[in-house]
Amino acid sequence: MREITRAEAVARRLAAHHLTAPLYGEGAVERALPLGVQDSPPGMGEAALFCRVGDLAPGWVEEAVASGTLCRCWSFRGAPYLFPAAQRGLFLGALCAQEGEEWIYAYPGFAPVAARLGLGADRLLPLLCRAAEELPAPVTGKAELDRQLADRMAPRLPAWVREGWEGPSLYGPDQRLGEAAVSFLLRACALEGHLVLGPRQGRSPLFWPGDWGRERLAPTDPALSGEPGRRELARRFLALYGPATEGEFATFLGCCPRQGRRLWALAEEVGEPVTFLGHRALALAEGDCPSAPRGVQLLPPYDPYLYGGRRWLCEEGLAGQLWKTVGNPGALLRDGVAVGWWRGKTSGRNWSVQLMGSPLSPGEREAAVAWLERYAAFRDLRLKAVAWPE
């Protein structure tokens, strides 16, 4: 069984994430997003693309979402993702639960709502999907979306459910119980293609109902639908995050164990068993290992390169600083391994940055400042000051 070293894993991950050289020209964004990019907190998807696409223009992402070139929708782990609209089969349909599998986005908090109503996801989800299709126009704001969908579902519910549906929520004074049920099941509704997130209005996106969204999004690529889409999903995961285990794959998807096993069987078809850091895992059978670039790189918070909080991607003792429950910082890489972190503070158009962690040489500081200045200009800011680690 082939053994993969840490250095090889780092080099392959850098190359797979297109962090060894920027992409340019037609199709660059699509190539930069083999597994999409999480767009939460707002703006993090655009920041990750900035690191990979050399000629990305400010504002292009929202324009692409508005035009239907890019799709923004809840996907892996229930998080908002950006991905090529033509690949919806891979990012949405491939994640749909099959018979006997729990819907991955019926969170534990949904259970007491279902118990109070006396109806589960199997009865409520079809009604929600129908209601989403019937929305006459896009909706602004998540709370308003929940309200409108709950109103449309109410007449179709059994009479003995409606009183509870209109009653107070378990999760806040300004929400009905029916709105809470809708909120928990929206992600499953989106996976079935009945709802997508449109361009942002401030920090909140529009919500496009099914017919409205399908009229605007690029046609779905049939080669990435059904079983081919699920197999391609497994292949891309191994390309970006291998060597990996079944548990890591299921965690990335956010699915129940049974669905994870079903999809991992496809990964076993496209990958090969390897050993990595003393454990068995799967990786893609690829050619020569790419050469890892030397020097420092900066990545924005929540960049997909760092997904998973893997300790082998950082120097000892840094994991707790890089991967937090909320409020992750940006990362400072040296030769592909995180050796520090950074945070920025904005005052008007002025932007100040503090770097922490490993001290930097004069040449490394120069490279870091060059990246920060480019990123500041991209955000229409002016880099005012940089505080360096001692």
Side-chain angles (χ1 to χ4, degrees), residues 1-21 32-38 48 51-52 76-77 90 94 230-257 259-297 299 302-324 328 331-341 357-358:
M1 186 179 299
R2 184 164 67 99
E3 180 179 2
I4 293 183
T5 66
R6 181 194 188 198
E8 182 181 355
V10 168
R12 289 193 183 281
R13 181 176 283 212
L14 277 171
H17 282 263
H18 300 289
L19 291 172
T20 53
L33 295 177
L35 270 184
V37 61
Q38 184 174 325
C51 296
R52 293 157 172 79
F76 309 125
R77 304 175 307 284
L90 187 151
R230 291 188 284 270
R231 184 172 286 102
E232 178 63 10
L233 169 62
R235 190 198 68 79
R236 293 188 188 188
F237 174 81
L238 291 181
L240 266 68
Y241 295 110
T245 65
E246 178 181 335
E248 290 166 343
F249 186 41
T251 298
F252 175 82
L253 300 179
C255 65
C256 71
Q259 185 176 8
R261 287 191 294 272
R262 171 171 60 84
L263 296 174
W264 186 248
L266 300 175
E268 292 175 330
E269 293 178 9
V270 299
E272 66 167 343
V274 298
T275 58
F276 179 59
L277 302 180
H279 301 284
R280 291 173 63 100
L282 279 186
L284 287 186
E286 298 177 317
D288 295 337
C289 178
S291 299
R294 311 294 294 179
V296 297
Q297 293 174 274
L299 296 178
Y302 300 96
D303 190 274
Y305 176 79
L306 295 167
Y307 170 76
R310 293 192 172 191
R311 296 179 182 272
W312 60 268
L313 274 176
C314 68
E315 285 190 338
E316 186 175 354
L318 288 188
Q321 297 294 336
L322 289 166
W323 294 285
K324 297 180 175 293
N328 284 2
L332 170 67
L333 307 184
R334 179 184 286 129
D335 305 339
V337 175
V339 297
W341 67 97
S358 179

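Atom set for the values below is all heavy atoms of this structure, side chains included, hydrogens, waters and symmetry mates excluded. Just so you know, residue 1 is the first one in the sequence shown, and it goes up from there.
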> What distance do Arg334 atom CZ and Gln297 atom CD have between them, rounded to the nearest 0.5 Å?
Replying inline: 12.5 Å
>> How close do Tyr302 and Asn328 get, counting heavy atoms only, and between which atoms?
In response: OH-N, 3.1 Å
> Hey, what's the ring geometry for Phe252 with Phe76, parallel, tilted or perpendicular (30° and 60° as the breaks)?
Replying inline: tilted
> Going through the distances and angles, do Thr245 and His279 end up as a side chain to side chain contact (heavy atoms under 4.5 Å, CB included)?
Replying inline: CA-CA 9 Å; Thr245 65; His279 301 284; 6.0 Å; no
>> Show the nearest heavy-atom pair for residues Ala244 and Phe237, with the distance to one decimal.
In response: CB-CE2, 3.5 Å
> Can you find a heavy atom in the side chain of Arg262 that is under 4.5 Å from one in the side chain of Arg230?
Replying inline: yes
>> Distance check, rounded to the nearest 0.5 Å: Arg235 atom CZ versus Leu35 atom CG?
In response: 9.0 Å
> In terms of heavy-atom contacts, does CZ of Arg280 have more than 12 from other residues, nucleotides or ligands at under 6.0 Å?
Replying inline: no
> What is the minimum heavy-atom distance between Leu322 and Ala338, and which atoms define it?
Replying inline: CD1-CB, 3.5 Å
> Would you say the side chain of Leu240 lies within less than 4.5 Å of the side chain of Pro34, judging by non-hydrogen atoms?
Replying inline: yes
>> For Glu3 versus Glu8, what's the shortest heavy-atom pair and its separation?
In response: O-OE1, 4.2 Å
> Rounded to the nearest 0.5 Å, how far does CD of Glu268 lie from CZ of Arg261?
Replying inline: 12.0 Å
> What distance separates Glu315 CD from Ser358 OG, expressed to the nearest 0.5 Å?
Replying inline: 5.5 Å
> With respect to Pro243, which candidate in Val274, Thr275, Leu238 satisfies the side chain to side chain contact (heavy atoms under 4.5 Å, CB included) definition?
Replying inline: Val274
>> Assess the residue pair Arg12 and Leu284 against the criterion (side chain to side chain contact (heavy atoms under 4.5 Å, CB included)); give the C-alpha distance rounded to whole Å, side-chain angles, the decisive distance to 0.1 Å, and a yes or no.
In response: CA-CA 10 Å; Arg12 289 193 183 281; Leu284 287 186; over 6 Å; no
>> Using every non-hydrogen atom in the two residues, find where Ile4 and Phe276 come nearest and quote the distance to one decimal.
In response: O-CD1, 3.1 Å
> Just wondering, do Asp303 and Arg52 contact through their side chains at under 4.5 Å, heavy atoms?
Replying inline: yes
>> When you compare the side chain of Tyr305 with that of Cys51, does any pair of heavy atoms fall below 4.5 Å?
In response: no
>> Could you measure the distance from the CH2 atom of Trp323 to the CH2 atom of Trp341? Nearest 0.5 Å is fine.
In response: 12.0 Å
>> For Ala234, give me all partners under side chain to side chain contact (heavy atoms under 4.5 Å, CB included), at least two apart in sequence or on another chain.
In response: Phe249, Leu266, Ala267
> If you draw the axis of the six-membered ring of Tyr241, does the NZ or CZ of Arg13 fall within 45° of it and under 6.0 Å from the ring centre?
Replying inline: no
> What closest approach, in Å, do Ala48 and Val37 show between heavy atoms, and which atom pair accounts for it?
Replying inline: CB-CG2, 3.5 Å
> Backbone N or O of Trp312 within a donor-acceptor pair of the Arg6 side chain at under 3.5 Å?
Replying inline: yes
> Do the side chains of Leu313 and Tyr307 get nearer than 4.5 Å, heavy atoms only?
Replying inline: no
>> Run Leu233 and Leu253 through side chain to side chain contact (heavy atoms under 4.5 Å, CB included) and show every step you take.
In response: CA-CA 10 Å; Leu233 169 62; Leu253 300 179; 4.0 Å; yes
